[in-house]
2 protein chains.
Amino acid sequence: MISGKFAITIHILTLLHKFPNDYLSSEFIAGSINLNPVLVRKEIANLKAHHIVESKEGKNGGTKLAVNAAELTLKQIFEMTFETIGLGFAKNQPNPDCPVGKNINQHLENLYSEMNQKVSLQLEGISLEDFSNQF
Amino acid sequence: MISGKFAITIHILTLLHKFPNDYLSSEFIAGSINLNPVLVRKEIANLKAHHIVESKEGKNGGTKLAVNAAELTLKQIFEMTFETIGLGFAKNQPNPDCPVGKNINQHLENLYSEMNQKVSLQLEGISLEDFSNQF
DNA sequence: AAATTTGTAACATATTTTATTACAGTATGA
DNA sequence: TCATACTGTAATAAAATATGTTACAAATTT
């Protein structure tokens with residue numbers, strides 16, 4: 001659910017990092033992303049579950065970063081958004097009576113797993129602070 | 001169109017490599033992938049446009065590999081299936097009046113571009129023959 | 001000529017993603 | 001204490017994308 005999850009999440013976190021002293025409302029954040037506030041709150045719910053942010057309900061409520069941006073890596077964000085690098089699988093179960101069909105998904109998984117390792121290594125080297133400081 | 005494009009294409013090519021002397025019908029290939037033959041023909045059309053395979057119409061027609069499997073890399077297949085590694089973008093144009101919204105897509109593109117380089121390097125080192133010989 | 005296959009278009013269905021509406025619960029502050 | 005402005009979440013709707021089906025002309029073989 002939500003395919004631009006990573007992009008949206010990093011956008012949210014960048015905003016929170018830019019306003020470290022404020023509780024930002026989902027409406028404000030949604031205005032920057034140009035996205036429905038409910039979807040912003042859903043992504044924030046995910047961040048909260050990972051203790052990356054904290055929110056305050058009620059008037060003047062909102063959300064605030066709860067971790068050190070220098071210590072939060074893009075890899076962690078990547079993993080929190082349930083993303084996996086890969087080039088996809090065919091939708092249907094391939095034919096188990098065909099030697100190729102029987103094994104293709106396993107071989108693709110192996111390939112994609114290597115890709116993930118490479119990408120993870122890269123993302124591990126970039127912190128939210130690094131990313132945010134580009135702006 | 002077709003999201004398992006890469007997986008389907010490499011499945012097709014692996015089959016063609018396994019039967020180098022036959023023209024395989026879209027129906028036969030579809031039976032291994034468990035996919036509609038029309039969709040197989042669509043992917044084959046893409047491969048034909050890149051001169052990777054040749055087909056023969058009419059009775060006993062079908063498709064056959066037209067290149068050396070040792071010289072066709074997964075990177076080429078990746079590119080032919082129009083895939084790009086990345087973690088996606090938010091669907092809507094972000095707010096251009098917000099310093100973060102204004103620039104986030106550019107920064108994401110830069111990040112994804114690096115990811116592509118890393119992944120391409122990996123895929124460049126694997127030929128269709130390598131992949132197929134695992135089976 | 002009959003049979004079989006590609007190529008392609010048009011349309012239908014399914015799945016996934018995004019958007020909207022609604023409203024209960026919570027904190028703020030006038 | 002009451003109006004206001006938020007979060008949290010569910011339910012539903014709409015839009016976008018992916019996959020599947022049907023149909024049939026054109027090509028080739030036997």
Side-chain angles (χ1 to χ4, degrees), chain A residues 1-9 11-12 15-16 19 22-50 52-64 66 81-84 86-94, chain B residues 1-9 11-12 15-16 19 22-31 33-50 52-66 81-84 86-94:
Chain A
M1 182 208 293
I2 302 184
S3 141
K5 244 172 132 60
F6 176 83
I8 290 166
T9 297
H11 194 147
I12 293 170
L15 287 171
L16 296 179
F19 298 90
D22 297 324
Y23 283 88
L24 302 185
S25 76
S26 61
E27 182 124 7
F28 174 83
I29 294 170
S32 172
I33 307 181
N34 189 13
L35 187 73
N36 194 288
V38 174
L39 299 179
V40 171
R41 298 207 284 273
K42 274 187 185 161
E43 289 313 306
I44 284 174
N46 185 33
L47 288 168
K48 281 179 63 180
H50 289 88
I52 304 299
V53 303
E54 52 179 270
S55 313
K56 209 170 63 175
E57 294 189 24
K59 189 167 177 177
N60 297 331
T63 301
K64 191 169 161 300
T81 51
F82 305 85
E83 312 248 13
T84 303
L87 301 175
F89 297 90
K91 183 190 157 209
N92 303 324
Q93 193 63 36
Chain B
M1 183 208 296
I2 301 186
S3 141
K5 242 172 135 57
F6 176 83
I8 289 165
T9 297
H11 193 147
I12 293 170
L15 287 172
L16 296 179
F19 298 90
D22 298 325
Y23 282 89
L24 303 185
S25 75
S26 62
E27 182 123 7
F28 174 83
I29 294 171
I33 307 181
N34 188 12
L35 187 74
N36 194 289
V38 175
L39 299 179
V40 171
R41 298 206 285 271
K42 273 186 186 165
E43 289 313 306
I44 284 174
N46 185 34
L47 287 168
K48 279 179 63 180
H50 288 89
I52 305 299
V53 302
E54 52 179 271
S55 316
K56 209 169 62 174
E57 294 188 23
K59 189 166 178 180
N60 296 331
T63 302
K64 189 167 162 301
L65 209 52
T81 51
F82 307 170
E83 312 247 13
T84 303
L87 302 175
F89 298 91
K91 182 190 158 208
N92 302 323
Q93 193 63 36

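Numbers restart at 1 for each chain; the letters A, B, ... are given by sequence-line order, proteins then strands.
When each of B/Leu39, B/Leu16, B/Leu24, B/Val53 is paired with B/Ile44, the side chain to side chain contact (heavy atoms under 4.5 Å, CB included) condition holds for B/Val53 and for no other.
A/Leu35 has its CG atom 16 Å from the P atom of D/dA15, to the nearest Å. Nucleotide D/dC6 holds its P atom 7 Å from the CG atom of A/Asn60, rounded to whole Å. Rounding to whole angstrom units, CG of residue B/Leu39 and P of C/dG7 are separated by 14 Å. Taking atom NZ of residue A/Lys42 and atom P of nucleotide C/dA19, one finds them 11 Å apart after rounding to whole Å. Atom CD in A/Glu43 sits roughly 13 Å away from atom P in D/dG8 (whole-Å rounding). The distance between atom CD1 of A/Ile44 and atom C1' of D/dG8, rounded to the nearest whole Å, is 11 Å. If you take CD of A/Glu83 and C1' of C/dT17, they are 13 Å apart, rounded to a whole angstrom. The NZ-C1' distance, from B/Lys59 to D/dT30, rounds to 5 Å in whole Å.
With rounding to the nearest 0.5 Å, the separation of CG in B/Leu47 from CZ in B/Arg41 is 14.5 Å. Rounding to the nearest 0.5 angstrom, the gap separating the CG atom in B/Asp22 from the CG atom in B/Asn60 is 10.5 Å. Within the model, atoms CZ of A/Phe28 and CD1 of A/Ile33 stand 10.5 Å from one another, a figure rounded to the nearest 0.5 Å. One finds the CD1 atom of B/Ile52 at 12.5 Å from the CD1 atom of B/Ile12 (value rounded to the nearest 0.5 Å). In this structure, the separation between OG1 on B/Thr63 and CD on B/Glu57 is 10.0 Å, given to the nearest 0.5 Å. Taking CD1 of A/Ile8 as the reference point, atom CD1 of A/Ile29 lies at 12.0 Å (rounded to 0.5 Å).
No donor-acceptor distance shorter than 3.5 angstrom exists from the side chain of B/Asn34 to the backbone of A/Asn92, with no hydrogens or angles considered.
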Pairs under 3.5 angstrom, nitrogen or oxygen only, protein versus nucleotides 21-24 of chain C, please.
none

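Using a 4.0 Å cut-off on heavy atoms, none of the residues of residues 22-30 of chain B approach DNA chain D.
Taking 4.0 angstrom as the limit, B/Asn92 places a side-chain polar atom (N or O) nearer than this to OP1 or OP2 of C/dA19.
Judged by a 6.0 Å distance limit and a 45° cone about the ring axis, B/Lys5 is positioned over the six-membered ring of B/Phe82.
Ranking D/dT29, C/dA19, C/dT17 by closeness to the B/Lys91 side chain, first place goes to C/dA19.
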